[in-house]
Protein chains: 2
Amino acid sequence: MQSQNISDIIEKYLKSILAESDEIEIKRSEMAQLFNCVPSQINYVINTRFNVQNGYIVRSKRGGGGYIRIEKINFVDDYDVFDELISIVGESISFKDAFQMIKSLFQAEVLTRSEANLILAIIDKKTLNLADCKLENMLRARIMKNILNRLKYDD
Amino acid sequence: MQSQNISDIIEKYLKSILAESDEIEIKRSEMAQLFNCVPSQINYVINTRFNVQNGYIVRSKRGGGGYIRIEKINFVDDYDVFDELISIVGESISFKDAFQMIKSLFQAEVLTRSEANLILAIIDKKTLNLADCKLENMLRARIMKNILNRLKYDD
DNA sequence: TTTAAATTTGACTAATATTGACTATTGATA
DNA sequence: TATCAATAGTCAATATTAGTCAAATTTAAA
């Protein structure tokens, strides 16, 4: 029915493990073998689904005994995370990236569902819809930074 | 037995499936093949018959394993109130007027305090920060209307 | 009948995923 | 120290989807 592509399947697999522990460690080549794909596909999945916007931190090591470690961001304890997100937003952000960020803030229970929904409605492409896409992304960045700053000082 | 154009037939087909489940996932090219039409006709049907006003939300993904997902939405009891507010907002609204509207939505317990504050922070002059005041009011109107549209349904 | 709106079509565009050749890093060993 | 083996990373080409837009056509309304 859904997720016919390998990337989604790998993502689900990793997230199902992460649902039980806050951190996992994998071997890229083993993963590739398990899912019958090329090793670089694992990088693709990690880069597109386990980045900071998505609420994950990834560390890795090459060479013998190498690994890829994926860790869930702890928004409650890790206070600087908001600053990091603010710097990721920078002066300009696409809806897609902002969407990921809001989604992970909801999943981490920093935002309620209805707050997240409201924000998404506001930063939607159709809402901002400025003739100039560049200007749109800049405006979205201002809105996102405003939100992140509020969250930072809220708790 | 009226107007049996392809668009209507596709619409009926999709709605007959949606009558049994709240959500369906299709592949554009498969649909096009099934109904012997060009793929973009599927977009036409979705844009004209499955928009938010009609009670549907559509999400999609391109690339390998791509899909189009159509989901029915649940309107809140008195959702037509929001339509009235939307027409009041019109094409342009000042911060002062928007503030009043958000305030009354809070007093009516449609919005929580933090939701109201969040919205006010976003539609503030400083956040929108557009040189042109006219443009600012128009943008604020679009944001307000999208918020109101979002409040018409839940989840 | 004339005009406006809705539908159909297809060329072009954009986003996402897959693959593999090449590169970089690390630790172990000669 | 130099080299090698065993990892992971990068990047660009290709494949696989869906989206956009406007011209052409058909249908409905005035």
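Residue numbers begin at 1 in each chain, while the letters A, B, ... track the order of the sequences.
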**Asked** Can you check the B:Lys27 NZ to C:dT16 P distance for me, whole Å?
**Response** 14 Å
**Complete:** Side-chain contact check for B:Arg49: nearest option of D:dA18, C:dT19, C:dT7 is C:dT7
**Message:** With rounding to the nearest 0.5 angstrom, report the CD1 to CD1 distance, B:Ile143 to B:Ile122.
**Reply:** 7.5 Å
**Item:** Nearest-Å distance for atom pair CG/P, residues B:Asn47 and D:dT20
**Value:** 7 Å
**Request:** Output yes when at least one side-chain N/O atom of A:Gln41 is less than 4.0 Å from OP1 or OP2 of C:dT19, else no.
**Result:** yes
**Prompt:** Side chains of A:Ser104 and A:Gln53: do they bring a donor and an acceptor to under 3.5 Å?
**Reply:** no
**Item:** More than 12 heavy atoms of other groups within 6.0 Å of B:Gln107 CD
**Value:** yes
**Prompt:** To the nearest Å, how far apart are B:Ile6 CD1 and C:dG10 P?
**Reply:** 11 Å
**Asked** What nucleotide among C:dT7, D:dT17, C:dT19 has an atom nearest to a side-chain atom of A:Val38?
**Response** C:dT19
**Message:** From CD1 of B:Ile10 over to P of C:dA6, roughly how many Å is that when rounded to an integer?
**Reply:** 18 Å
**Prompt:** A:Asn146 and B:Thr127: side-chain donor and acceptor closer than 3.5 Å?
**Reply:** yes
**Touch class at under 4.0 angstrom, heavy-atom based, for A:Ile42 against every strand present** = nothing
**Asked** Could you give the angle between the helix axes at the two ends of the helix from C:dT1-D:dA30 to C:dA30-D:dT1, with five pairs per end, rounded to 10 degrees?
**Response** 20°
**Item:** Interatomic spacing from CD1 in B:Ile24 to OH in B:Tyr13 - rounded to 0.5 Å
**Value:** 8.0 Å
**Prompt:** Does a donor on one side chain sit under 3.5 Å from an acceptor on the other, for A:Asn43 and A:Arg28?
**Reply:** yes
**Request:** May I have the distance from A:Arg59 (atom CZ) to D:dG9 (atom C1'), rounded to whole angstrom?
**Result:** 17 Å
**Message:** For a quick check of understanding: with a heavy-atom distance under 4.0 Å over all strands, which category does A:Gly66 fall into, base, sugar-phosphate or nothing?
**Reply:** sugar-phosphate
**Message:** Please determine whether a side-chain nitrogen or oxygen atom of B:Ser40 lies at a distance below 4.0 Å from atom OP1 or OP2 of D:dT20.
**Reply:** no
**Asked** Looking only at atom types and distance, does a side-chain atom of A:Arg69 sit under 3.5 Å from a main-chain N or O of A:Arg59, one as donor and one as acceptor?
**Response** no
**Prompt:** Taking everything shown except B:Met101 itself, do over 12 heavy atoms lie less than 6.0 Å from its CE?
**Reply:** yes
**Fill in**
Here the distance between atom P of D:dA13 and atom OH of A:Tyr44, to the nearest Å, is 17 Å
**Prompt:** For D:dA18, does either OP1 or OP2 sit under 4.0 Å from a side-chain N or O belonging to B:Ser29?
**Reply:** yes
**Asked** Of all the choices, D:dT20, C:dT8, D:dG9, which nucleotide is nearest to the side chain of B:Arg28 once you look at every atom?
**Response** D:dT20
**Asked** If each of A:Val45 and A:Gly63 is mapped to the nucleotide of DNA chain C with the nearest heavy atom, which maps nearer the 5' terminus, i.e. the 5' end?
**Response** A:Val45
**Message:** I want to verify a distance call: between D:dT10, C:dT18, C:dT26, whose nearest atom is closest to the A:Lys61 side chain?
**Reply:** C:dT26
**Complete:** note: B:Arg69, atom CZ; D:dG19, atom P; distance rounded to Å ~ 13 Å
**Fill in**
Separation of C:dT18 atom P from A:Asn36 atom CG, nearest Å, is 12 Å
**Item:** A:Asn43 side-chain proximity, nearest of D:dA18, C:dT9, D:dT10
**Value:** D:dT10
**Prompt:** Want to settle it: does A:Gly64 or A:Ser7 sit nearer the 5' end of DNA chain C, counting the closest nucleotide to each?
**Reply:** A:Ser7
